[in-house]
Amino acid sequence: MALNYAEIEPKWQKAWVEAKVYESEPDERKGILINVPFPYVNTPLHIGHLRTYATTDFHARYKRHRGYNVLFPMAFHATGTPILAIAKRITNKDKELIEELHKFEIPDSDIAKMEDIYFIVDYMIGITEEAFKQSGLGIDWRRKFRSIEPIFSKMVEWQFARLNAAGLLKQGSHPVGWCPNEGNAVGQHDTRGDAEPEIEKLIAVGFKDADTDAIFPCTTYRPETIDGVTNLFVGEKVEYVKARIGGKSYFMSKDAATRLAYQMQLEVEGPVSASGLLKKNVINPSNGERLPILPGFFVEAEVGTGIVMSVPAHAPFDYAALERLKGSGIQVPQGRSVIRIERPNNPPKAPTGEEIERARKADHSASVEAYLELLKQGGEISDEVLEVATKLVYREESRWGVMAYGKYLGRKETDARGLISADLISSGSSFNMYELTNPKPVFCRCGTRVVVKTVEGQWFINYGDKKWKEDTRKHMRSMRMHPEGSMNTFEKVMDWIDMRATERAQGLGTPFPLNKSHIIESLSDSTIYMSLYTYIHILRDSKVSAEQLKPEFFDFVLSGKGDAGSVSKSTGIDELALKKCRDSFVYWYSDTARHSGSDLIYNHLVMYLFNHVALFDRKFWPKQIVTNGLVNYEGQKMSKSLGNIIPIKIGIRNHGVDPLRFIEVVGAELGSESDFRVDEVKSIRTKNDFLHKLITSLPEMKSAELSHNDFWLYSKLNSKIKRATELLDGMLLKEAYIDIYYNSVTELRRYLERGGSNGMVLRDFLEKLTVMISPIMPHVAEEFWHELGKASFVVKESWPEPDASMINPDVEQAEALIDSTVSDVRQGIELTSKIPANSGKNVKEITIIVADDWKTAAYNRLARERNMAKAVSSDSLKGADKEKVSKFLSQFAKRASALVEVPRLPCEYVVQGFNDSKDYLSEKLGAPVSAVMESNSSSPRAPRAMPGKPAIDITWE
RNA sequence: GCAGGGAUGGCGGAGCUCGGUCAAACGCGGCGGACUCAAGAUCCGUUGACUUAGGUCUACGGGGGUUCAAAUCCUCCUCCCUGCACCA
């Protein structure tokens, strides 16, 4: 009788709602607020997203079983630009997007309305909320809100006023990708082909014209090679201009001047010809050397300033350019090496001819030496080879290079780079600039090439603030983080998190208080909203308007400042409601757990920590963070391009929500990716059906006195409860549920196979099992629970307590021994059947000979001592025949250090166990089975009985 | 480039913090068998190589090292994944 998921899911969801199971209010129990980032409602969620929500739901349900008063709320996120982007794409009839929406079974009539952003928000919230309800998430829906409503904005305004008062907001300049045509910042989704504009800061090193005051700025990643410069390169076909920056004249490509104008005050004075520049000489700012300017074949107007400093000893392109000039009548300067390689553990080897051949084909596997040798040999060298060579040289020198010349002689190259850069900047003629470092030029969707613009007056949250960071870090270390390894990631993020831009020109959201024409960036506005869950329904019930939510309201509720009476007077909010808000906040915020995908550690979660530390009392700082990995589908990443995205609704329809939840939540440990495989989901359904069938057949089963088999099942059950509870408290979900679920199914099958039929024992097992699967599979558990004849809701039941008196390791070990002996016997039959004397015969009987106790004792002694002499002389063996013992042990002497102790079951007990299971064993093995202890056996095989491994005597006839 | 994480059998994935219990948990898949009219599901066995009684050999990205002993420690190399900021 297969479970009908489509029937039981809505049935129990409805019953829970009617009983208000998930509507939580403070009471005498210990409270905990368990929450998860509100979903972004630009597109509907797919089954990959479900993992985080279902894991959160698991946690909430588990804690409820464990006696906590749990609040699991939900809201919706809509600030920022993505929803604007959707509306724009719909207006443009974007086919890709429309196709995607079709996959979510959204009809064209609704898609047509999505030019309206508020329609999108409402519509997507509807879909998402429905999906969450169908997923059986135990959410208190009375507290839902959206991040674009006035109450939310009031809270965010309060937040930023407090941050500003604490001096944590800073203003400054900031480079962004910029479309000169549209006049706004461009991010990844604003560019053609979704190229993320990669911005890098580099230095333009100023070389003064030998005869005038004009400067040649050379962009470079490697200013430390300055003393190795032999000349400058300009492009013969490049258009140059003279431009004025900060009262000085610079030569640069016309293109560079255009780009740099977005980064600094720059005025073009007029065109300059490349041939004119080629006649000039320059002075090296580091050592005063007078250097020529030569034509460089690779120089491009679009890269850097269009002027390159030539370091032939360390830059393959420069070297090759000079080589090409040889024979053209131009005198080519000699390079100077300024960096020495010190690679102590792995000294460079001379390259083989074969390796040089590989280098000629621009093969990455060739060594840097091979490339250098190739360069030395001269001849035609392709740009491709030069590119690889450049990369390898750069890497080699960055990793192992030591300065071999100049002021920083002996310093590591990477250190010298920064020092020399700083020296050059402070000397006046050099400057920093930003450059897009994408391999190809980046274009805005409008077709204009993207440049880097320095935005002035940009506001930041200063997460680099020393005191703030240290307070946050210290608190972070005291938190419960799951999985354990995530703490390390948090530490790293703490190390590098610094200023973060917090407002921008476009998008939905709350106006930025210090510049009302901008809005607060959508990660920054979502760091303390979890507190809103604790009281928003009270505001709604009391008909409080947003205008009444003055700063003193939040000061009172969130910071406990002021008193309800005066706050009530100034805001007009009912005094009792105010007190209730504060009490609710205090109750729920005393213990919290926040869940999320592990990708959010890098931004949201750390910001969440910082903001709480800055704004709340210490006792309301976050207590626990649980992060989980992504979900793959049949071994592949879920992505739009692979077309393997399955909407939650459809996933539920196809698989049933509980099997889906089970696979997603416990299919992998928190920290790793889980894989969604249809076969595995099916196997969960099969196992559920097995349990279901067993439950429905319970009424026919009778109770009887407990047998060995019953004790075994009880022992399994109780040791499982104990172990799984410990694992779950540590959020080791997969390991716990392998034991709770998979192993239970196996054990039950085995119990039945062994002839187990005690209704009372099975009922006890199944009832406790049902409670334990309910956090993951609540609908199935609820169905089981009622089949078991219960009237209560299983989702509100207490977690089972292990009965220590029923845990019996001996029984479990004896069973395990019986198991392993069965397969040993099978193997023995298989092997002896091949003996000619046995051909055509059948097995007549099987005797299992259990090793004497002294053997086990001696063996364990050796395993512990790892030393023959000690083991033999041991006191614990007194009374035993020393000679016999040492003879027995000598066979293990070689491996003494690798031995492991075996369970110390008295051999009489084991023999008894085997003989109690005679029927079962005989049936399984197809011949009568009996067991005997070694000392009572006359079989020639008896001495082969080993601790933990009985000897087997098979008689054929 | 920088930072973090990873590379284990046909596949996914444990183990690697405390080196010997590791031919390697668990789950898929493959093969053989039982059941079935049949398919599916389920159950049993098997799934590195060799081996007619529990044994031997070769294995944990590549090189080098430490050790009586390394998937596990050190080191170098190669490759892969993720993040790098205004983007939620």
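Because only heavy atoms are used, hydrogens play no part in the values below, and waters and symmetry mates are left out as well, while side chains stay in. Residue numbers begin at 1 in each chain, while the letters A, B, ... track the order of the sequences.
- Judged purely by atom type and a 3.5 angstrom limit, N432(A) uses its side chain to pair as donor or acceptor with the backbone of L202(A).
- Between the CG atom of N603(A) and the C1' atom of A88(B) there is a distance of 8 Å, given to the nearest Å.
- Rounded to whole angstrom, the span from the CG atom of L508(A) across to the C1' atom of C87(B) amounts to 15 Å.
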For nucleotides 5-8 of chain B, tabulate all protein N/O to nucleotide N/O atom pairs closer than 3.5 Å, reporting atom names and distance.
residue : atom : partner : partner atom : Å
G5(B)   : OP1  : N488(A) : ND2          : 3.2

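- Using atom C1' as the reference point in both A25(B) and A71(B), the two lie 15 Å apart (nearest Å).
- When only modelled atom types and interatomic distance are considered, D525(A) and T510(A) share no side-chain donor-acceptor pair under 3.5 Å.
- Both I738(A) and K734(A) lie near RNA chain B, and the one whose nearest nucleotide falls closer to the 5' end is K734(A).
- For the P atom pair drawn from A49(B) and C84(B), the interatomic distance equals 46 Å after rounding to whole Å.
- Set against A41(B), C28(B), C87(B), the side chain of T686(A) has A41(B) as its closest nucleotide.
- OP1 or OP2 of C87(B) lies within a sub-4.0 Å distance of a side-chain N or O belonging to R504(A).
- Taking atom P in both G19(B) and G12(B), the straight-line distance is 29 Å, to the nearest Å.
- Following rounding to the nearest Å, F460(A) (CZ) and A85(B) (C1') show an atom-to-atom distance of 10 Å.
- In RNA chain B, consecutive stretches of 3 or more Watson-Crick or G-U wobble pairs with both distances under 3.5 Å are given as paired ranges: B:1-7 with B:78-84, B:10-12 with B:26-28, B:29-34 with B:42-47, B:48-50 with B:55-57, B:61-65 with B:73-77.
- Residues S524(A) and T502(A) have side chains that bring a donor and an acceptor to within less than 3.5 angstrom of each other.
- The closest side-chain donor-acceptor pair between Y737(A) and N743(A), if any, does not fall under 3.5 angstrom.
- R417(A) and E224(A) are joined by a salt bridge, as a carboxylate oxygen and a charged side-chain nitrogen come within less than 4.0 angstrom of each other.
- When the P atom of A3(B) is taken as reference, atom CD of E198(A) falls 17 Å away, rounded to whole Å.
- Comparing C81(B) with G27(B), their C1' atoms sit 23 Å apart, to the nearest whole Å.
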| query | Can you check ring pair (Phe, Tyr, Trp, His ring centres under 6.0 Å) on F512(A) and H518(A), steps first, answer last? | reply | CA-CA 6 Å; F512(A) 184 68; H518(A) 281 201; 8.1 Å; no

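- For C86(B), the OP1/OP2 oxygens have no side-chain nitrogen or oxygen of S522(A) closer than 4.0 Å.
- Between R749(A) and U42(B), a side-chain N or O to OP1/OP2 separation shorter than 4.0 Å is absent.
- In this structure, K469(A) places its NZ atom where more than 12 heavy-atom neighbours from other residues, nucleotides or ligands lie under 6.0 Å away.
- Between the side chains of N611(A) and Y463(A), at least one donor N or O lies within less than 3.5 Å of an accepting N or O.
- When the C1' atom is compared between C26(B) and G15(B), the two are found 12 Å apart, to the nearest whole Å.
- Spacing of C1' atoms, U17(B) relative to C86(B), comes out at 39 Å, to the nearest Å.
- Here G40(B) presents its C1' atom at 13 Å from CG of D689(A), a figure rounded to the nearest Å.
- Across U67(B) and U72(B), the matching C1' atoms stand 13 Å from one another, rounded to whole Å.
- Between Y602(A) atom OH and C87(B) atom C1' the separation is 16 Å, expressed in whole Å.
- Distances shown here put every side-chain N or O of R500(A) at or beyond 4.0 Å from the OP1 or OP2 atom of A88(B).
- For L670(A) and A14(B), the CG to P distance is 13 Å, given to the nearest whole Å.
- With 3.5 Å as the limit, one finds no donor-acceptor pair spanning the side chains of H314(A) and T225(A).
- Atom pair I520(A):CD1 and A88(B):P shows a separation of 14 Å (rounding to whole Å applied).
- Ring to ring, F76(A) and F38(A) are not that close: their centroids are 6.0 angstrom or more apart.
- Taking the C1' atoms as reference points, G83(B) lies 49 Å from U56(B), given to the whole Å.
- At least one cation-pi condition fails for R222(A) and Y394(A): the charged atom is not both under 6.0 angstrom from the six-membered ring centre and inside a 45 degree cone around its axis.
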